[in-house]
Amino acid sequence: MTDPNCLFCKIAGDEIEADVVYQNDDIVAFRDINPQASTHVLVIPRRHIATLNDLQDEDAKTVGSLFLAARDIAAREGIAADGFRTVMNCNAAAGQTVFHIHLHVLGGRNLDWPPG
Ligand code: 5GP
Ligand code: ZN
């Protein structure tokens, strides 16, 4: 359920401080410590899931909750109409550095496509 060595489990468990912008029973959203846009929020499940490859069918509701939170955060941050990006990196080649899944919510500037 939680991994005692996981940074994001510690944030979800209030052991490490973060600028939390949204939370409910299943998920927590907080500002990225090294923001890549004026809005850069990470939305995580409270439950420890290391990568997208480790998702189980029963996680479907949790994953839905990540996106519903992203929708609400974008609206609150005032980036919904102009546009924003959600990204979940999976494993090293995609740039995943924290192995507890997190949905990046980025907005407030024009975002290039394709990403690097
Ligand atoms: P990844 O590269 O795994 O897709 O994204 C990990 C993200 O977590 C990075 O954007 C990084 O800046 C962010 N991050 C790493 N450590 C911390 C931390 O202690 N607090 C917060 N708020 N964000 C962090
Ligand atoms: Zn974790």
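Computed over heavy atoms, backbone and side chain alike; hydrogens, waters and symmetry mates excluded. When a ligand or atom number is given, it counts from 1 through the structure's own listing order.
Using a non-hydrogen distance threshold of 4.0 Å, Phe99 does not register as a contact of ligand 1. At a 4.0 Å cut-off, not a single heavy atom of Met88 sits close enough to ligand 1 to count as contact. Residue contact check for ligand 1: Arg31 places a non-hydrogen atom closer than 4.0 Å to it.
Taking any N or O of Ala18, backbone or side chain, none lies under 3.5 Å from an N or O belonging to ligand 1. Considering backbone and side-chain atoms together, Gln96 places no N or O closer than 3.5 Å to any N or O of ligand 1.
The N, O or S atom of His100 with the smallest distance to the Zn ion (ligand 2) is ND1.
Against a heavy-atom cut-off of under 4.0 Å, Asn34 is close to the following atoms of ligand 1: 12 (O). Interface atoms of ligand 1 facing Phe8, defined by a heavy-atom separation under 4.0 Å, are 8 (O). If you number the atoms of ligand 1 from 1 as listed, the ones under 4.0 Å from a heavy atom of His104 come out as 1 (P), 4 (O), 5 (O), 10 (O). Short contacts between ligand 1 and Asn89, defined as distances under 4.0 Å to a heavy atom of the residue, involve ligand atoms 4 (O).
With contacts defined as side-chain heavy-atom distances shorter than 4.5 Å, the pair Asn89/His104 qualifies. With a 4.5 Å cut-off on side-chain heavy atoms, Ile44 and Phe30 count as touching. Residues Lys61 and Asp26 have side chains in contact (heavy-atom distance under 4.5 Å, counting atoms from C-beta outward).
Taking atom 3 (O) of ligand 1 as the reference point, the nearest protein heavy-atom neighbour is Thr97 N, 2.7 Å. With hydrogens left out, the protein atom closest to atom 1 (P) of ligand 1 is His102 NE2, 3.1 Å, a heavy atom. Ile33 CG2, 3.8 Å is the protein heavy atom nearest to atom 14 (N) of ligand 1. Nearest non-hydrogen protein atom to atom 16 (N) of ligand 1 is Leu7 CD2, 3.4 Å. For atom 11 (C) of ligand 1, the closest non-hydrogen atom on the protein side is Asp32 OD1, 3.4 Å. At the top of the distance list for atom 2 (O) of ligand 1, counting protein heavy atoms only, stands Gly95 O, 2.8 Å.
Contacts between Val87 and ligand 1 below 4.0 angstrom, taking non-hydrogen atoms only, are absent altogether.
In plain terms, the two heavy atoms of Leu42 and His102 that are nearest each other are CD2-CD2, 4.1 Å. Residues Ile11 and Ala18 come closest through the heavy atom pair CG2-CB, 3.7 Å. Minimum heavy-atom separation, His100 to Cys9: ND1-SG, 3.5 Å. Nearest approach of Arg47 to Asp59, heavy atoms of both residues: NH2-OD1, 2.9 Å. Closest of all the heavy-atom pairs between Thr2 and His48 is CA-CB, 4.0 Å. Minimum heavy-atom separation, Ala69 to Tyr22: CB-CE2, 3.7 Å.
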Asp3 vs Phe8, side chain to side chain contact (heavy atoms under 4.5 Å, CB included): CA-CA, chis, key distance, verdict:
CA-CA 9 Å; Asp3 176 342; Phe8 286 178; over 6 Å; no
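Geometry note: the Zn ion (ligand 2) is the vertex, His48 ND1 and Cys9 SG are the arms, and the angle is 110° (rounded to 10 degrees).
There is no path of hydrophobic side-chain contacts, each under 4.5 Å, that joins Leu55 to Phe99.
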